[in-house]
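Since the structure comes first, as C-alpha cells, the remarks are kept for the end.
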Amino acid sequence: MIDLQTGLNERQRVAVLCTEGPLLVIAGAGAGKTKMLTTRISYLIEECRVPPYQILAMTFTNKAAGEMKERVEKILISSRSSALGAPEIGTFHSFCVRLLRRELLNTPFTKPFVIYDDSDQLSLIKGVLRKLNIDDKAFNPKAMQGRINRAKCDAVEPHEVEVVAHDLFSKNLKRVYEEYQKELTANNALDFGEIICMAYRLLRDRLDVRERYQQRFRYIHVDEYQDTNRAQYLLLSLLAAPRNGGHQNICVVGDEDQSIYKWRGADINNILDFENEYPGAKVVKLEQNYRSTKTILEAAGKVIRNNKSRKDKTLWTENEEGQSVIRAQLADERAEAEMVVSEVKRIAASDARSFNEFAIFYRTNAQSRSFEDVLRREKIPYQIIGGLRFYDRKEIKDILSYFKAIINPSDSVSLKRIINVPGRGIGKTSLDRLEQFHMEANIGGRVSYWEVLQRVAQDPALTSSTVAKRVGLFVKLMQRFIDEQPRLLLSELYHLILDETEYVVELRKEGTEEANARVQNLEEFNSLLQEFEEDFLEKTPEIELAVHAVHAAHDAHDVRKAELLPLFIEQSALASDLDKLGGDKSGDTSAVKLMTLHSSKGLEFPVVFLVGMEEGLFPSIKPWEETPDEDIEEERRLCYVGMTRARETLYLMSATIRRIWGNVSYQQPSRFFDEIPEEVIEFRDFSHGSRVNEYRTGSSRQYGSGAADRSGYGNGYENRDAGMGKVVGRIGPVPAGGGAPISFGGAARSAGHSAGLTTEPSSGGGLNDPAPSSVDANSALSKSAVFKNTAPKTLFAADWVGRQMSHPEYGKGTVVASEGVGPDQKVTIQFLSRQQKKFLLRYVASYFG
DNA sequence: TTTAGCTCAATTTTT
DNA sequence: TTGAGCTAAA
C-alpha cells in the first residue's frame, strides 16, 4: 500500500491520484515534484494494477532519470511486487534511441547506427560545405550547425526550410541541411536532434508503429516540461494526444519560472498550450517549498516577480526564517574566489559541514578558474561539473573514434579523425587527395570513405606508392580490429588498439605534463570500460541484446561480447558530466561542487555561492547588440534557479574588476541585486578591507562621480548601483591564507603582485610572465601607483575625463577616469551599455571625436 | 610532413 | 585568457 497520507501534501496527493486523463502540474522550485512523480508511478503500479512496462517517464538528464528510477524501485521493493518488469524511465534521447533500435527495420539504417556529438556534427558540416563549394569564411560552419540544430528542435525538415529571397545564407542553409542529412544516413549516424526527429517522423508516418507504442505506453510522465522543444512536444502528442488517437494519460510537470533553455529551442508555449492540446486537462499547482528558508524564498520570489511573461504563483514554506542572504562585493575575481573559499572553510569548521554541502554557481565555465586556483592551493577537494565532458577529451574521443569506426566503417567522420592518429605519415596533402577521391567516387553512388581507402591501398597508381602503402597499413590495421572485435571484450579491444597504434607510446614520447594527464585519462577510461563490462555481463537481460546481434557472433557468449561495444558507444554519447553527481553509491568523495547555473537546475545544496553577479556577465549582455527583454527575463529565471538551489545559506557575489578575455573590465553590480529587498540582505563589502581599502581609495576614482562616497567605509555607505546596502561593517578578515592580501586579477597568480598592494615593488616580485596582454594589467599595479596612499596627480588627470568617444566595438562612451603618463596613460570609459573598460590611451586615441 | 607562430573568436549546452 | 585553425618555414 502506497502511503499517501504521510509525506504528501494535499496538492501532491491530488496529482498522484489523478491518474486518468491529461494532467498539468505546475511545480515550483523545491516543491517536491520528484516525490510526487515517483509516488504517482508507484501508485499506478501498486494500487491501479497497471503493469510497469506500460508506464513511461521522460526526463531531460540521465541524472534525473536515474534518481527517479532509484526512488521508484525503492518504493516498489519496500512494498512487494517487482517481478512485472520495470517502468521505462529515461531521457527523451535514450527513449528515442531505444525506440529506433527496436524499429531499426523501419528506419533508413540497415545496421546499428552511431551517435554523433557536436564536434562530429561540425566536422560533417564542414565536409558538406567543402563538397558544396561553399566558402566557410563567408558562411560560418558553427552558425550553420546552430541553425540546423535549431531547425531540428523545431521539427523543421530540410525541404521545409524557408529561403528568404536574396538571402544567401538561408539558401545555403537549405542546401547544407539537405546534404548533411544525406551524409548522416550514409555514415550510419544520428545527431542529437535527429534522434528525436527521426523517432517523431517514424511515429508520424507509420500508423502501425504509432499504435503499437500508444498501446504499449498507457501512462506517460514528462519532467521539466517547460524545457521541451517543438519536436519533443510533437513526439509526445503522437503518443498521447486525442487528435492522434492517443489515450491522453499524460502527466507533465513544469515551471515556467525555471525555463532556461529557450535559446536552445525550448518552447514555453508547450506549457501554455497544454490545455488546448489536451482539452479538459486538470491543472495542479505545487507551491509549497520544502527546500529553502523563508528568507531565501522571499529573495528569489522578489527577483522572479520582475518577469512579465509568467503566470503568477507564489511559493511559500513552513521552513524557518533562516539567515539573511549575504551579498558581497569584492575587489576582483581573485578576491571573490578567496572569500568563497575562506567562507567554505569557516562554515565547514563552525557548522561541521562536509564539503559536499557547498556549491559555487557561475554564469560561464571560464569563471571556474579562479576558484580552482584557490581551492587547489587550500587543498580543498572540489569537483567541476560540466565544462569539458570526460568523453570529449581528445584522447578519449580518439579511442572512441576507433571504436565507432570498428563497428561502423561507414562512419567517415570517425575514420578521418583517426586515420593519422597517432601520426602515420598521412598528412594534409594525402588527406586532401583522399577527400577528392571520395567526392568523385561518391557522386550519385554510395561509395564510403572506407571503400575509398581500400581502393587507394590496392592501387598505387591512384596516388603514389608511398601513400598507398601508408593507407594500406591503416586499412589493414582497421580490418584486423574489425575482425577481432566480435571475439574480444571491450577492454581487450581497447588494449589491442593501444598496442597496435602505439598510442600511449607516442604520448609518453611527448613527455609533457599534458601528455601525462592524457595517459592518466586513458587509464581512467580503461577502468570505466571494465566497469561497464562487468555491469553489463551481470545485469543486462538477454532480450536487450537481440538488436545488434544481427551480423555478429556464432554462439550466445559471443553475442554478448559483440553487443558490448555498440552499447558502450551509445551510452558514452548520451552520458554527461552531471551523471556523476550525487549518486550516493558512486563513491562520491566529499567535494565542493562548481558548475554553471544551467547545470545547477534540479540540484540543491545547503550553502550556495552565486558568483560573478555583474552587469554584462550576469545578466549576460553583448555590448555590441541590443538585448531583448526576453533575454533578460531568461537570465532572471536563471538567477531564480540558482537562488532556489540553496537550502540554508545563500551568497550573492560580485567583483568590481574582472578580467574578461584577458582584458581588465570594470564591472557594475548586477541589476538583479536591485530587485532583492533590503530586509533580507546582509551586505558585506569586502572591497573595503584594510589593505584593499587603499586600492579602493585610489581606484575608486575610476567610477567618476560619486566615487568618493564609496571610499569611506563602515559609515552610511550607500551603494547606488547595488540599490541597497545596510552596512554591517566589514565582516571577517580580508579572506586570504597566510596573510597574503587580496591581489589584483589573474595577473596576481605570482606572489609578487599582491605586494603592489603594500610595499614591495612589483619589479621585485614574481613577474615571470610579462606577456604584452598582462603588462597592461600589471602596469596598473606597478606604475600607476593606484595602491599607494598618495596617488600621483596623473591618476586624476582631468584633461581627458568627461570626453566623449565612440568605440567600434563597445559604442559610445565617456571617459570617467584617467591614469598614468605618456605612453602608459590609460583611460577608463563608461559605455552606454553599462560596461566600463580601461584602455591604453594610445590604442583608443583615434576614437575620440 | 611536421611544427612554430600567427590570427581570430569567444555565453549558457540537460542530450 | 584559451583554443582552434591556418600559413610559412624546416
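Just so it is clear: chains get the letters A, B, ... in the order the sequence lines come, proteins before strands, and each one is counted from 1.
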ask   = Which part of the nucleic acid, if any, lies within contact of A:Asn420, taking any heavy atom under 4.0 Å across all strands shown: a base, the sugar-phosphate backbone alone, or nothing?
value = sugar-phosphate

query = With A:Glu506, which residues qualify under side-chain contact (heavy atoms from CB on, under 4.5 Å), at least two apart?
reply = A:Pro422, A:Lys509

inquiry  = Strictly below 4.0 Å, N to O, side chains only: are A:Lys126 and A:Asp136 in salt-bridge contact?
reply    = no

task = Measure from the side-chain heavy atoms of A:Phe60 and tell me the nearest of B:dT1, B:dT14, B:dT2.
result = B:dT14

inquiry  = Using OP1 and OP2 only, check whether a side-chain N or O of A:Arg369 sits under 4.0 Å from C:dT2.
reply    = yes

query = Quick one: A:Leu431 CG to B:dT2 C1', roughly how many Å, whole number?
reply = 13 Å

inquiry  = Below the 4.0 Å mark, does B:dT13 have OP1 or OP2 next to a side-chain nitrogen or oxygen of A:Ser599?
reply    = yes

note = Winner on side-chain proximity to A:Ser430, out of B:dT1, B:dT13, C:dT2, is B:dT1

query = Do A:Arg417 and A:Asp398 meet the salt-bridge criterion of a basic N to acidic O distance under 4.0 Å?
reply = yes

inquiry  = Go nucleotide by nucleotide along DNA chain B from the 5' end; which of A:Gly427 and A:Leu638 gets its closest nucleotide reached first?
reply    = A:Gly427

Rounded distance in Å - CZ (A:Phe192) to C1' (B:dT13) = 10 Å

Nearest-Å distance for atom pair NZ/P, residues A:Lys262 and B:dT13 = 18 Å

ask   = Can you tell me how far C1' of C:dG3 sits from CG of A:Asp392, to the nearest Å?
value = 15 Å

query = Across the strands shown, which category fits A:Tyr261 at heavy-atom distances under 4.0 angstrom: base, sugar-phosphate, nothing?
reply = base

Pair A:Arg201 + A:Glu194: basic N to acidic O under 4.0 Å = yes

request  = Could you tell me how the ring of A:Phe60 sits relative to the ring of A:Phe92: parallel (under 30°), tilted (30 to 60°) or perpendicular (over 60°)?
outcome  = tilted

task = Mind calculating the distance between CD1 (A:Ile660) and C1' (B:dA10) to the nearest angstrom?
result = 12 Å

task = Return yes if the base of C:dT1 and the side-chain atoms of A:Arg659 contain a donor-acceptor N/O pair under 3.5 Å, otherwise no.
result = no

Charged N-O contact under 4.0 Å between A:Arg150 and A:Asp154 = yes

task = Answer yes or no: is there an ion pair linking A:Glu333 with A:Arg369, defined by an N-O contact shorter than 4.0 Å?
result = no

query = In whole angstroms, how far is the P atom of C:dT2 from the NZ atom of A:Lys394?
reply = 20 Å

message = Quick check on B:dT1: is either OP1 or OP2 less than 4.0 Å from any side-chain nitrogen or oxygen of A:Thr429?
response = yes

key: Modelled atom types, side-chain donor and acceptor of A:Gln367 and A:Thr364, under 3.5 Å   = yes

message = Counting only side-chain nitrogens and oxygens, does A:Asn365 get under 4.0 Å of the OP1 or OP2 atom of B:dT13?
response = yes

key: Nearest-angstrom distance from the residue atom NZ of A:Lys142 to C1' of B:dA9   = 8 Å

ask   = Which nucleotide in the set B:dT1, B:dT13, B:dT14 lies at the smallest distance from any side-chain heavy atom of A:Trp263?
value = B:dT13

Dump the pairs, protein N or O against N or O of nucleotides 5-7 of chain C, anything under 3.5 Å, distances to one decimal.
| from | atom 1 | to | atom 2 | distance (Å) |
| --- | --- | --- | --- | --- |
| C:dG5 | OP1 | A:Lys126 | NZ | 2.9 |

A:Thr61 side-chain proximity, nearest of C:dT1, B:dT1, B:dT14 = B:dT14

request  = Starting from P on B:dT13, measure out to CZ on A:Arg637 and report it in whole angstrom.
outcome  = 17 Å

